[in-house]
Amino acid sequence: MKCSIPKGTRDFLPAEMARRNYIFDTIREVFKTFAFEPIETPSLENLSTLMGKYGEEGDKLLFKVLNSGDFMDGVDFSQDYHKVAPRICERGLRYDLTVPFARFVVQHRDQLTFPFRRYQLQPVWRADRPQKGRYREFYQCDADMIGSTSLLNELELVQMIDAVFQRLGVEVTVKINNRKVLAGIAEHIGAPDKLVDITVAIDKLDKIGLDNVRAELRERGLDDSQIAALDPVFALTGDAAAKLSQLATLFAGNEVGTKGVEELKELFGYIEQVKPQCHVELDLTLARGLNYYTGAIFEVKAHNVSIGSICGGGRYDNLTGIFGMPDVSGVGISFGADRIYDVLTELDKFPANLGQPARALFINFGAESLPYAISCAAKLRASGISTLIYPDNAKMRKQMDYANRCHVPFVIFVGENEIAAQTLTVKDMTAGTQSTLTLDEVVALLKA
RNA sequence: GUGGGCGUAGUUCAGCUGGUUAGAGCGCCAGAUUGUGGAUCUGGAGGUCGUGGGUUCGAGCCCCACCUCCCACCCCA
């Protein structure tokens, strides 16, 4: 029989799990340091919760789950599939952690204390075509604060990004923009309804170049004068502060734009004070696809690795409004654990000796010596030392080889001699040295 | 949804313009070596050549379809 797993999904071997947990542990630690609390939500959500939150493209990428039972009962299959789908699929796999979180907040508002900070490390699913750094099932590590509009929250997100990647030893650039500035630009050129088209096109600037962006804008229905009106935006120069003051002038009388510039000024002012180690830059071409962002938006790129963004986020002013709880603003970020894994692999930044299942292996000398080995092993385990007894009375060579291959640092011999003397012979597998000790001495040695 | 590439032993790969019995390294098993490992040597097992059709006297190799994985576009973590 031939077996396999669905496209875009993966099994994780113990060695990979050790490295993955290193990433999760690092992120979790930072989240805890910033006083976030963990929650979990189900893999399945009602499709009505998910649909329409991620834009047209997002709806297409949602995994929909067929109803149980006779899903065909009373459904008119002659209609367009767009109409049929919601009738036969009432549930779907979550696409991200932010929208389910908004649902969670609305549903449990009576049990939460605002401003509420939660973190969540769980898989999400997208029916995307897999390729490098892109999976159909992958883990997001989200931290969100909801119920506060303070830009201090945005600052803390930057600090958390800085802390995580500093601990992981990865150099990154945090790109920051603000949807209000993008809205201001759209308004500035007299095309406020074309905000999405403008952002999508501008987002490609460093990829396809200015001329192609102009062409794309034309395709998306902007006229030449509107496109020309964007020139001052492309012409901005200098550091964040300089660009922002130029923008402020450009946005005179433009309410949204001005608000966006003010927010960015405040945020960059805070960032200047905390002096993060990572690079932080204002990137006016940063758009981010997710529809629900309304304020600050973030994206993190690793240096020297060509993979998409490894972390992203932003502020959403009214995500809970869709679920009947208006005027609650939130802001959060999402670390892409799987891409971070790929980055650490490519940069060779994983610590050595991550996966050591056992600290000690007892060589199996057969039935006569087993009772002594079992009781010694029990005592080591009681002392918190991960211990293994080789299950079969196999050849020494095979048992030693097993220890090597599993990277077990200490091998313990308990045969006739040891039993008679009530001792253990411990071999240090890396140094090749060995000594005969009492149980207490072995515990002390292995705990070191 | 669109375009490109790959698929041969457990694994990494070789396999000539189509030719008779499909190879190698690593791994695995046994032995040299029944209380001391990573080395070496000897022997052995292991293949529906992704699947199905076609061309041919003859297909791992050529043609078609499908599947898989990978890469790129779109979009995104």
Side-chain angles (χ1 to χ4, degrees), chain A residues 2-10 23 27 54-62 94-98 121-142 161 196 199-201 203-204 207-208 212 216 286-291 297-302 306-314 332-343 361-366 368-369 390 393-419 424-436:
Chain A
K2 216 170 199 178
C3 45
S4 64
I5 52 175
K7 187 199 282 276
T9 64
R10 296 153 297 157
I23 294 171
I27 292 172
Y54 308 105
E56 208 180 307
E57 194 68 24
D59 283 354
K60 275 194 227 162
L61 299 181
L62 278 168
R94 74 165 99 79
Y95 178 92
D96 72 354
L97 300 178
T98 309
L121 278 48
Q122 289 193 276
V124 303
W125 293 268
R126 295 184 190 176
D128 221 343
R129 190 164 290 203
Q131 54 181 281
K132 187 181 179 187
R134 174 168 307 185
Y135 309 99
R136 283 185 162 176
E137 177 183 60
F138 60 97
Y139 276 72
Q140 291 195 328
C141 310
D142 277 38
I161 293 168
V196 175
T199 53
V200 168
D203 189 37
K204 296 178 188 165
K207 214 171 196 176
I208 62 175
N212 290 319
E216 179 149 350
L286 176 63
R288 294 194 52 76
L290 265 29
N291 272 3
I297 42 183
F298 305 94
E299 193 162 288
V300 180
K301 299 273 276 183
S306 69
I307 197 164
S309 61
I310 52 177
C311 178
I333 42 165
S334 179
F335 291 83
D338 305 81
R339 284 191 177 172
I340 293 172
Y341 183 98
D342 293 342
V343 167
L361 170 79
F362 279 79
I363 297 291
N364 188 324
F365 282 107
E368 316 79 60
S369 63
Y390 195 88
N393 183 12
K395 289 194 172 178
M396 178 73 50
R397 176 192 179 88
K398 196 176 168 85
Q399 299 194 44
M400 295 298 276
D401 201 44
Y402 183 81
N404 279 326
R405 300 184 53 136
C406 295
H407 304 110
V408 181
F410 295 97
V411 163
I412 299 177
F413 304 87
V414 282
E416 284 176 55
N417 308 337
E418 286 82 2
I419 294 169
L424 301 86
T425 298
V426 181
K427 176 156 189 162
D428 180 329
M429 292 297 276
T430 35
T433 54
Q434 84 181 36
S435 47
T436 299

### Query
For the side chain to side chain contact (heavy atoms under 4.5 Å, CB included) test, which of A:I333, A:I161, A:I340 pairs with A:V300?
A:I161
### Task
Tell me what A:C141 touches on the nucleic acid: a base, only sugar-phosphate, or nothing, going by heavy atoms under 4.0 Å.
nothing
Give each protein N/O atom lying under 3.5 Å from an N/O atom of nucleotides 66-68 of chain B, with the pair distance.
none

#### Entry: Closest nucleotide among B:rC76, B:rG35, B:rU36 to the A:K427 side chain
B:rU36
#### Entry: Donor/acceptor link under 3.5 angstrom from A:R126 side chain onto base of B:rC75
no
## Note on the structure
Assign each of A:I310 and A:P130 the nucleotide of RNA chain B bearing its closest heavy atom; nearer the 5' end lies the nucleotide of A:P130
#### Entry: Whole-Å distance separating the NZ atom of A:K60 from the P atom of B:rC76
12 Å
## Note on the structure
Contacts of A:Y341 meeting side chain to side chain donor-acceptor pair (under 3.5 Å) (sequence neighbours excluded), chain-then-number -> A:R19
### Query
With a non-hydrogen cut-off below 4.0 angstrom, is A:E56 in contact with a base, only sugar-phosphate, or nothing?
nothing
### Query
Which whole-number value in Å describes the distance from A:R129 CZ to B:rC70 P?
12 Å
### Message
Heavy atoms only, 4.0 Å cut-off, all strands: where does A:K204 land among base, sugar-phosphate and nothing?
### Response
sugar-phosphate
### Message
Regarding B:rG35, can its base be found pairing with the side chain of A:Q399 as donor and acceptor, where the two atoms are less than 3.5 Å apart?
### Response
no
### Message
What's A:V124 touching, base or sugar-phosphate or nothing? Going by heavy atoms closer than 4.0 Å.
### Response
nothing
### Summary
The dot-bracket string of RNA chain B, counting Watson-Crick and G-U wobble pairs with both distances under 3.5 Å, using [ ] for crossing pairs and | for pairs to another strand, is (((((.(..((((.....[...)))).(((((.......))))).....(((((..]....)))))).)))))....
### Task
Could you check A:I23, A:I310, A:D338 and say which one makes a side chain to side chain contact (heavy atoms under 4.5 Å, CB included) with A:V343?
A:I310
### Summary
Those residues at least two apart in sequence (or on a different chain) that pass side chain to side chain donor-acceptor pair (under 3.5 Å) with A:T436 are A:T425
### Task
Using a 4.0 Å heavy-atom cut-off across all strands, classify A:G308 as base, sugar-phosphate, or nothing.
nothing
### Message
Taking the nucleotide of RNA chain B with the nearest heavy atom to each, does A:K395 or A:M400 sit closer to the 5' end?
### Response
A:K395
Protein N or O to nucleotides 38-42 of chain B N or O, pairs below 3.5 Å:
residue : atom : partner : partner atom : Å
B:rG38  : O6   : A:M429  : O            : 3.4
B:rG38  : N1   : A:M429  : O            : 3.3

### Message
Categorize A:Y135 for me: base, sugar-phosphate, or nothing, with a 4.0 angstrom heavy-atom threshold over every strand shown.
### Response
base
### Message
From C-beta outward on A:T425, which listed nucleotide comes closest to its side chain: B:rC75, B:rG35, B:rA77?
### Response
B:rG35
### Message
Taking any heavy-atom pair under 4.0 Å as a contact, classify A:Q434: base, sugar-phosphate, or nothing.
### Response
base
### Query
Between A:K132 (NZ) and B:rA72 (C1'), how many Å, whole number?
12 Å
### Message
Check this for me: does the side-chain of A:R339 come within 3.5 Å of the base of B:rC76 through a donor and an acceptor?
### Response
yes
### Query
For B:rC28, does OP1 or OP2 lie under 4.0 Å from any side-chain N or O of A:R405?
yes
#### Entry: Residues forming a side chain to side chain donor-acceptor pair (under 3.5 Å) with A:D428, sequence neighbours excluded
A:T430
### Task
Would you classify A:G58 as touching base, sugar-phosphate or nothing, given that sugar-phosphate means primed atoms plus P, OP1 and OP2, and contacts are heavy atoms under 4.0 Å?
nothing
### Query
Would you say a side-chain N or O of A:Q131 is under 4.0 Å from OP1 or OP2 of B:rA72?
yes
